[in-house]
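Reviewing the structure listed below.
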Amino acid sequence: MPEKPYDHNRIELKWCERWRDGSLFRAEDHSTKPKYYLLEMLPYPSGTLHVGHIRNYTIGDTLARYKWMRGYNVLHPMGWDAFGLPAENAAIANQRHPREWTLENIAYMKRQHVRYGFSYDWTREISTCEPEYYRWNQWFFLKMLERGLAYRAKALVNWCPACATVLANEQVVNGCCWRHEDTPVEQRALEQWFLRITAYAEELLRDLDKLEGGWPERVLTMQRNWIGRSEGAEIDFRLVGSGKPIRVFTTRLDTIYGATCVILAPEHPLAEELVPPQEQARLKAMIDERARRDPGDLVKEGLFTGHFAVNPYNGEAIPVWIGNFVLMGYGTGAIMAVPAHDERDFEFCTRYGIPVRPVIRPVDGKLPDPAAMQGAFTEDGICENSGEFSGLPSAEARRRMTEKAERECFGKAAVTYRLRDWGISRQRYWGTPIPVIHCAECGIVPVPEHELPVVLPLNVQITGRGRSPLETVPEFVNAPCPRCRRPARRETDTMDTFIDSSWYFYRYCDPHNRQAPFDPQKIAYWFPIDQYIGGVEHAILHLIYARFFTKVMRDLGLVKNDEPAARLFTQGMVIKDGAKMSKSKGNVVSADETAERYGADTARLFVLFAAPPEKDVDWQDAGVEGMYRFLGRVYRFVTRNVDRLGQAASGEETEADRRVRRRLHQTIRKVTEDFETRWHFNTSIAAIMELVNELHASEAELSPPVLAEVLEKLVLLMGPFAPYVAEEMWEELGRAGPVFRQSWPSYDPELAREELAEVVLQVNGRVRSRLLVPFGVPREELERQALADDKIRSYIAGKAVAKVIVVPDKLVNVVLKG
RNA sequence: GCCCGGGUGGCGGAAGCGGCAGACGCAACGGACUUAAAAUCCGUUGGGCCGAAAGGCCUGUGCGGGUUCGAAUCCCGCCCCGGGCACCA
């Protein structure tokens, strides 16, 4: 039969049509098969997919298809992170309603997903902007409110002038907004809703150990740093005169005999009281300057209050300062400055002429000379000039000093975290309404559960300026107080959209439940997520919130697992012309055009082949052509050989039969190993290409039964990578699909084994010759043969052999004297 | 500044463990097919040198040292690139 041309559009559209409804990929909620929950981070429906998105989903889809073939009951869902600011911005720019804009994007992007053949169970699709979904955001909020995990407080919060809303700490990057990288974040004092994530700080930190091995070390480290646990002590310094305590936090209590001043954050409650009238203006200036928070280059500045406070250990009265580098939000907002042993204190104190007093010496050295010090000595050592603690090593001193503080009631051991509570109020429209009502009589009253969802009204004016858009909708704002029924006002802020993505993966297990966010039994079956896949940019934000939600849900009795995802994989980006693909850079390669021109299979193959999935890849059109050529080559080979397959074997098995079959079994072994270990699909695909090259070279000599075996297994191997052309070839071979429901081919180690070992012969470590021998030749025999080799002998001639290194089946190295 | 990654041909990358560096693909070049081109197929391709050729020699994995019979791989010291954290007391 003549070969058929590789018409990717014909093939792909044919199978795409048959797979369209997604019922093929449906996961069973109960099954005798082992379950596998595979999840890719849900996308924001920004408009259209580019090949960068394609890469993320291709990695997941390849794995999903492999797991199906290994006999798993695979849950592979997809949904939409549909609330968020871009919809509002689009609304302002094009006079479109955010909902309309969002739904249109979702419809378009879903078509693109389907076009690429991704194996999602679309019956479980969710969209976070639908009341059926966000009502459970509100429900969780009420549960947290009941438990004191949600609270309202006036606090200094991060304000992005470009977004015209508040940001969580996690959303501030280098002092700027995470969405507006050159817009500095301002500090404003506002009444806000917070979730008490700090209540779980210790557990969030501790449980990172459980994720060891399953999550990238890098992500675990980032989370550990973000939580930022430090152990130390809180100590009271009493003001001379009033006796009022100033509580400081320190991790270096062992250095306290070297404290030469106390420094308060400008926002510290005592600051205004202590600063003399003529300096109040400077204090205000300091606070304002920091509110504008120019990242990095803040010069350490201070001002002396004129007051003194007493070091409880040595009774010394030391000056109290205000310092712009002391943070109100960390520890107690006040520090003791020990310039001899802390770099920042050193810089501050030398600037203002405050004495430097060393009290720690290196274990094997002398106490530093303060006059000669160029910087602080910050390591642990031995205490000196520290009263009863002199001579103790730092760690021991800290322990004993803490005991003394507790005994004499002027301080205690303390642990502080860098992690802050999660500010979730947003002064925006397109988000989940916070379900509370402000009543003049009753105060803040939660909306009763049976009244959920509080539906986001659709008739709203969005200007992007001023206050929360919902304030302009009287039908929404005016509501009776659930408690006293008198007229009251609804909360008009909406929730941070990171709430939506903190629990969506539970909803996939039971997406149509109207009574509850989900049925706990279904969760018990599917959880934890076996493999979560997403970008490393969410290492802190989304992934710490998701872990927090899981712990809260566990404490509510809804789930049994402590962690949402057993394994996390962070894939690299797709780079074009040296930059991440983005509309603003104008370097976007459209998923549609690529599918049209080369086909989804080619695009999928290329993004997998170009680099291992954890690394960034460069998009190069020329490279894509290569993948297209490869698929065409395979397809044509199969179609022109189909007729031969049924023929009987004509006599003996040929040398080519053995060689190609050996290569086949080696390839299955290689690809299987890649799936089971590192996911280096670039090497899997290279191995398949080598098999195909071997097939081409031996095409005429292959006997029909071997050819049939090789083609069948080749198609199965290609199934996870290039599902369309694999399905078409499977049909050409006369087999019934779908490919991803066939069993993954197994390999026979005997057939995969090479017949002869190639042993490299070296002289002084340089390859000079080689030997083909059966496997398992003993060392002595290898050595004998090596020394008998003509080439080797010519190198040895006239010289003495010092020794011979033999690595069986691999190498003989003859080392010469001199 | 601190903490992680990473530097291999013209390019993307390969070489789980210290044992043939450069698999596979791209690009380039040569050839076949074609009136011609495209497509396809076959071949060459790290650099340098010797040779008419077969072939041979030297050199080579960011730089400098070290360990070893043998180093892209291990150790020490640097340089460069990417990412994270950055007054967290």
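The sequence lines fix the lettering, A, B, ..., with proteins before strands; numbering per chain opens at 1.
- Out of G12(B), A23(B), A14(B), the shortest distance to the side chain of Pro612(A) is found at A14(B).
- For the pair Thr198(A) and Tyr417(A), the minimum side-chain heavy-atom distance is 4.5 Å or more.
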Please produce a list of atom pairs where a protein N or O lies less than 3.5 Å from an N or O of nucleotides 54-60 of chain B.
unit_1: C57(B); atom_1: OP1; unit_2: Tyr795(A); atom_2: OH; d: 2.2
unit_1: C58(B); atom_1: OP1; unit_2: Arg766(A); atom_2: NH1; d: 3.4
unit_1: C58(B); atom_1: OP1; unit_2: Arg768(A); atom_2: NH2; d: 3.4
unit_1: C58(B); atom_1: OP2; unit_2: Arg768(A); atom_2: NH1; d: 3.2
unit_1: U59(B); atom_1: OP2; unit_2: Arg766(A); atom_2: NH1; d: 3.0
unit_1: U59(B); atom_1: OP2; unit_2: Arg766(A); atom_2: NH2; d: 2.8

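- Counting heavy atoms from C-beta on, the side chains of Phe637(A) and Val692(A) never come closer than 4.5 Å.
- For Phe249(A), whose side chain is taken as the heavy atoms from C-beta onward, the closest listed nucleotide among A89(B), C41(B), C85(B) is A89(B).
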Output a table of nitrogen or oxygen pairs between the protein and nucleotides 27-34 of chain B separated by less than 3.5 Å.
unit_1: A27(B); atom_1: OP2; unit_2: Arg629(A); atom_2: NH2; d: 3.0

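- Residues passing the side-chain hydrogen bond (donor to acceptor under 3.5 Å, both in side chains) test with Ser684(A) are Asp674(A), sequence neighbours excluded.
- Proximity of Arg604(A) to Met627(A): side-chain heavy atoms (C-beta onward) are nowhere separated by under 4.5 Å.
- Rounded to a whole Å, the CD atom of Glu3(A) is 16 Å from the P atom of A39(B).
- Distance CE (Met222(A)) to P (G5(B)): 14 Å, rounded to an integer number of Å.
- Taking the C1' atoms as reference points, C33(B) lies 27 Å from C24(B), given to the whole Å.
- Taking 90° from 0 as the syn/anti boundary, the base of C42(B) is oriented anti.
- Using a 4.0 Å heavy-atom criterion, one finds that Met627(A) contacts the sugar-phosphate atoms exclusively.
- Residues Val617(A) and Val815(A) both approach RNA chain B. Their nearest nucleotides, taken by heavy-atom distance, put Val617(A) toward the 5′ side.
- With sequence neighbours excluded, the residues forming a salt bridge (charged side-chain N to carboxylate O under 4.0 Å, His left out) with Glu347(A) are Lys300(A), listed by chain and number.
- Ion pairing between Asp621(A) and Arg597(A) fails under the 4.0 Å rule for side-chain N and carboxylate O.
- Using a 4.0 Å cut-off between charged nitrogen and carboxylate oxygen, Arg678(A) and Glu614(A) do not count as a salt-bridge pair.
- As judged by a 4.0 angstrom heavy-atom cut-off over every strand, Thr416(A) is placed among residues making no nucleic acid contact.
- Of the candidate nucleotides C24(B), G13(B), C42(B), C24(B) has the atom nearest to the side chain of Phe609(A).
- Every pair passing salt bridge (Lys or Arg N to Asp or Glu O under 4.0 Å) that includes a residue from residues 216-230 of chain A is listed here, sequence neighbours excluded: Glu202(A)-Arg229(A), Asp209(A)-Arg224(A), Glu212(A)-Arg224(A), Glu217(A)-Arg224(A), Arg229(A)-Glu231(A).
- The gap from the P atom of A72(B) to that of U61(B) amounts to 7 Å, rounded to the nearest Å.
- Side-chain atoms of Phe348(A) and Ile354(A), non-hydrogen and from C-beta on, do get closer than 4.5 Å to each other.
- Side-chain contact between Asn311(A) and Tyr257(A): absent, with no pair of heavy atoms (C-beta onward) separated by less than 4.5 Å.
- In this model, no donor atom of one side chain and acceptor atom of the other lie less than 3.5 Å apart for Gln666(A) and Glu690(A).
- In this structure, CZ of Phe325(A) is placed 13 Å from P of A89(B), rounded to the nearest angstrom.
- Across residues 677-685 of chain A, Arg678(A), Asn682(A), Thr683(A) each have a non-hydrogen atom less than 4.0 Å from an atom of RNA chain B (numbered order).
- A salt bridge is defined here as a Lys NZ or Arg NE, NH1 or NH2 lying under 4.0 Å from an Asp or Glu carboxylate O, and Asp254(A) with Arg252(A) meets this definition.
- With sequence neighbours left out, Arg770(A) forms a side-chain hydrogen bond (donor to acceptor under 3.5 Å, both in side chains) with no residue at all.
- The CD-C1' distance, from Glu690(A) to G13(B), rounds to 13 Å in whole Å.
- Heavy atoms of Val326(A) sit under 4.0 angstrom from at least one base atom.
- Out of G19(B), U40(B), A89(B), the shortest distance to the side chain of Ile805(A) is found at G19(B).
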Could you list the protein-to-nucleotides 6-11 of chain B atom pairs, N/O on both sides, closer than 3.5 Å?
unit_1: C11(B); atom_1: O2'; unit_2: Gln620(A); atom_2: NE2; d: 3.3

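- Salt bridge Arg784(A)/Glu781(A): present, at least one basic N to carboxylate O contact under 4.0 Å.
- The interatomic distance linking Phe237(A) (CZ) with A89(B) (P) rounds to 17 Å, in whole Å.
- Spacing between atom CE of Met689(A) and atom C1' of C26(B) amounts to 10 Å, rounded to whole angstrom units.
- Within the nucleic acid shown, Glu343(A) has no heavy atom closer than 4.0 Å to any nucleic acid atom.
- Side-chain atoms of Asn693(A) lie closest to G25(B) of the nucleotides C69(B), G16(B), G25(B).
- Within the 4.0 angstrom heavy-atom criterion, only backbone atoms of the sugar-phosphate kind lie near Gly626(A); the bases stay farther away.
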- Task: State the dot-bracket string of RNA chain B. Criteria: Watson-Crick or G-U wobble, both atom distances under 3.5 angstrom; notation: ( ) intrastrand, [ ] crossing earlier pairs, | interstrand, . unpaired.
- Result: (((((((..(((......[....))).(((((.......))))).(((((....)))))..(((((..]....))))))))))))....
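- Nearest nucleotide to the side chain of Lys803(A), out of G12(B), C69(B), C41(B): C69(B).
- Between the CD atom of Glu231(A) and the P atom of A89(B) there is a distance of 12 Å, rounded to whole Å.
- For G9(B), the base adopts the syn conformation, since its glycosidic angle falls within 90 degrees of zero.
- Evaluation of the side-chain hydrogen bond (donor to acceptor under 3.5 Å, both in side chains) rule for His538(A) yields no partner, not counting sequence neighbours.
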- Task: Let me see the working for Val815(A) and Asn813(A) under side chain to side chain contact (heavy atoms under 4.5 Å, CB included), right down to the final yes or no.
- Result: CA-CA 6 Å; Val815(A) 185; Asn813(A) 186 13; 4.3 Å; yes
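- The base of C20(B) has none of its N or O atoms less than 3.5 Å from a complementary donor or acceptor on the side chain of Lys810(A).
- Look at CG on Asn813(A): it is 9 Å from C1' on G19(B), rounded to the nearest Å.
- Considering only side-chain N and O atoms, Arg218(A) lies nowhere under 4.0 angstrom from the phosphate OP1 or OP2 of C3(B).
- By the side-chain hydrogen bond (donor to acceptor under 3.5 Å, both in side chains) test, Ser230(A) pairs with Tyr330(A), sequence neighbours left out.
- Residue pairs that meet the salt bridge (Lys or Arg N to Asp or Glu O under 4.0 Å) test with at least one member in residues 623-638 of chain A, sequence neighbours left out, are Glu3(A)-Arg636(A).
- Ionic pairing of Arg662(A) and Glu755(A) is present here: one or more N-O contacts between side-chain nitrogen and carboxylate oxygen are shorter than 4.0 angstrom.
- In this structure, Glu217(A) reaches neither bases nor backbone, as no heavy-atom distance under 4.0 Å exists between it and the strands shown.
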